[in-house]
**Student:** 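One structure is given below, represented as structure tokens, and several questions about it will come after.
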There are 2 protein chains.
Amino acid sequence: MKQDFQEICKKLNISPSITRKQIYNYLDGHRTHPTVDEIYHDLVVDLHTLSKTTVYNVLKLFIQHNLVNVINTTENEKRYEINDMKHSHFLCKICNKLYDIPQVTLSYDKNKLSGFSIEGEQVTLIGICPDCMKQKNIN
Amino acid sequence: MKQDFQEICKKLNISPSITRKQIYNYLDGHRTHPTVDEIYHDLVVDLHTLSKTTVYNVLKLFIQHNLVNVINTTENEKRYEINDMKHSHFLCKICNKLYDIPQVTLSYDKNKLSGFSIEGEQVTLIGICPDCMKQKNIN
DNA sequence: GTCCTTGCAAAGCGTTTGCACAGAA
DNA sequence: TTCTGTGCAAACGCTTTGCAAGGAC
């Protein structure tokens, strides 16, 4: 059930400014794990005075409130995604594209992890995506 | 069965220089996913003329030959580990320490991933480590 | 008035690149 | 000689910080 951004802000006790709403909607509409740069370049068209600093600020705020997740890719850049559905990731080692895939189920021996309090998980399968497999078969 | 660095180099057809051997041994003896900085500072004591560039160069070489893995943490730094045993990771969200844990078993619906060629996986459990749990209980 | 949001400019820092020197083959 | 390993210095690029201006309340 999708929540309105206004309601989300109300719950978290943060003000729903236009900039924040735009960034939230962008992440909601672009499930492609965009970088700060991508978010900035796409939004500055409408929000002419937008700065990257603000994008960083807003994302930081969202992360603090668990609205957004950071993903660390193999490159030196962070990618962002809305934190509204549990899922796993698939990283293509050819084109470096990061796909959302249905959540992978984990099983492990809890006895070997006694003392550890497990609260979350990050799973990334790595391989070659369908598009790159096609390219490979052509060449 | 541990292999000698000389043998490994012979197999990979790279020359076993002292610098390379030292960096390899360091990673072998420090299973703490060190950063380039940590490797550099610990090794420069003996290898007085060592530079970070060389550490980067050697690690790059090792990664190309699958001797070493890179781990992208939540901070803006890469961490390195020897690629000699399959295992999963546990990241403590309090102290940010990254632990090696026994490999977690994954299960997923292959039908939903048709077209994807899966060759590897990265699993990180996230939570609070035993040390930080103790601290928490004290305070 | 105070508090919060925004954003310019600069700094910070891990990493990469260019290039040159020295030793090995 | 050529090739390889090493390392200084500079550049690079993403991110963070300092601080100030404008708006909300």
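This is a predicted model, so every value here is computed, not measured. Naming convention: chains lettered A, B, ... in sequence-line order (proteins, then strands); numbering from 1 in each chain.
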**Student:** Considering only side-chain heavy atoms of V58(A), which listed nucleotide, dC8(D), dT16(D), dT6(C), is closest?
**Tutor:**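 The answer is dT6(C), which lies nearest to the side chain.
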
**Student:** Nearest-Å distance, NE2 (H41(A)) to C1' (dG13(D))?
**Tutor:** 13 Å

**Student:** Are the charged groups of R79(B) and E81(B) less than 4.0 angstrom apart, N to O?
**Tutor:** no

**Student:** How close or far is atom P of dC8(D) from atom CG of L47(B), stated in whole angstroms?
**Tutor:**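 So the CG-P distance, L47(B) to dC8(D), works out to 12 Å.
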
**Student:** In this structure, how many angstroms lie between the P atom of dC14(D) and the OH atom of Y40(A), rounded?
**Tutor:**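 Rounded to whole Å, this separation is 13 Å.
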
**Student:** Has K112(B) got its NZ or CZ under 6.0 Å from the middle of the six-membered ring of Y108(B), at an angle within 45 degrees of the ring axis?
**Tutor:** no

**Student:** Round to a whole Å and report the spacing from CD of Q64(B) to P of dG5(D).
**Tutor:** 12 Å

**Student:** Does the distance from a Lys or Arg side-chain N to an Asp or Glu carboxylate O, for K93(B) and E119(A), drop under 4.0 Å?
**Tutor:**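 Yes, charged N to carboxylate O under 4.0 Å.
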
**Student:** Please answer whether the main-chain N or O of I128(A) pairs with a side-chain N or O of S117(B) as donor and acceptor at a distance below 3.5 Å.
**Tutor:**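 No.
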
**Student:** Tell me if a side-chain donor or acceptor on H33(B) pairs with a main-chain N or O of L98(B) at a distance below 3.5 Å.
**Tutor:**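 Yes: the side chain of H33(B) pairs with the backbone of L98(B).
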
**Student:** Is there a donor and acceptor pair closer than 3.5 Å between the side chain of S51(A) and the base of dC8(C)?
**Tutor:**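 Under the 3.5 Å cut-off, the side chain and the base do not form any donor-acceptor pair.
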
**Student:** Set out, line by line, the N/O atom pairs under 3.5 Å between protein and nucleotides 2-5 of chain C.
**Tutor:**
{"unit_1": "dT5(C)", "atom_1": "OP1", "unit_2": "S15(A)", "atom_2": "OG", "d": "3.3"}
{"unit_1": "dT5(C)", "atom_1": "OP1", "unit_2": "R20(A)", "atom_2": "NH1", "d": "2.7"}
{"unit_1": "dT5(C)", "atom_1": "OP1", "unit_2": "R20(A)", "atom_2": "NH2", "d": "3.0"}
{"unit_1": "dT5(C)", "atom_1": "OP2", "unit_2": "R20(A)", "atom_2": "NH2", "d": "3.3"}
{"unit_1": "dT5(C)", "atom_1": "O5'", "unit_2": "R20(A)", "atom_2": "NH2", "d": "3.0"}

**Student:** Would you indicate whether K21(B), at its atom NZ, is surrounded by more than 12 heavy atoms from other residues, nucleotides or ligands within a distance under 6.0 Å?
**Tutor:**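 No.
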
**Student:** From OH of Y56(B) over to C1' of dC12(D), roughly how many Å is that when rounded to an integer?
**Tutor:**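 Between C1' of dC12(D) and OH of Y56(B): 13 Å.
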
**Student:** Round to the nearest Å and state the distance from K78(B) atom NZ to dT16(C) atom P.
**Tutor:**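 Taking NZ of K78(B) and P of dT16(C), I get 5 Å after rounding.
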
**Student:** Starting at CG of L43(B) and ending at P of dT6(D), how long is that distance when rounded to a whole Å?
**Tutor:**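 Interatomic distance, CG of L43(B) to P of dT6(D): 12 Å.
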
**Student:** Select one nucleotide: of dG7(D), dT16(C), dT16(D), the one nearest the side-chain heavy atoms of T53(A).
**Tutor:**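 My answer, after comparing the listed nucleotides, is dT16(D).
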
**Student:** Can you tell me the distance, in whole Å, between the NE2 atom of H48(B) and the P atom of dT6(D)?
**Tutor:** 16 Å

**Student:** Given that T54(B) and T35(A) both sit by DNA chain D, which one's nearest nucleotide is further toward the 5' end?
**Tutor:** T54(B)

**Student:** Of the nucleotides dC14(D), dT15(C), dG7(C), which has the atom closest to the N57(A) side chain?
**Tutor:**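 Nearest to the side-chain atoms of N57(A), counting from C-beta on, is dG7(C).
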
**Student:** For D37(A), is there an ion pair with K78(A) - N to carboxylate O distance below 4.0 angstrom?
**Tutor:**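 D37(A) and K78(A): not salt-bridged.
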
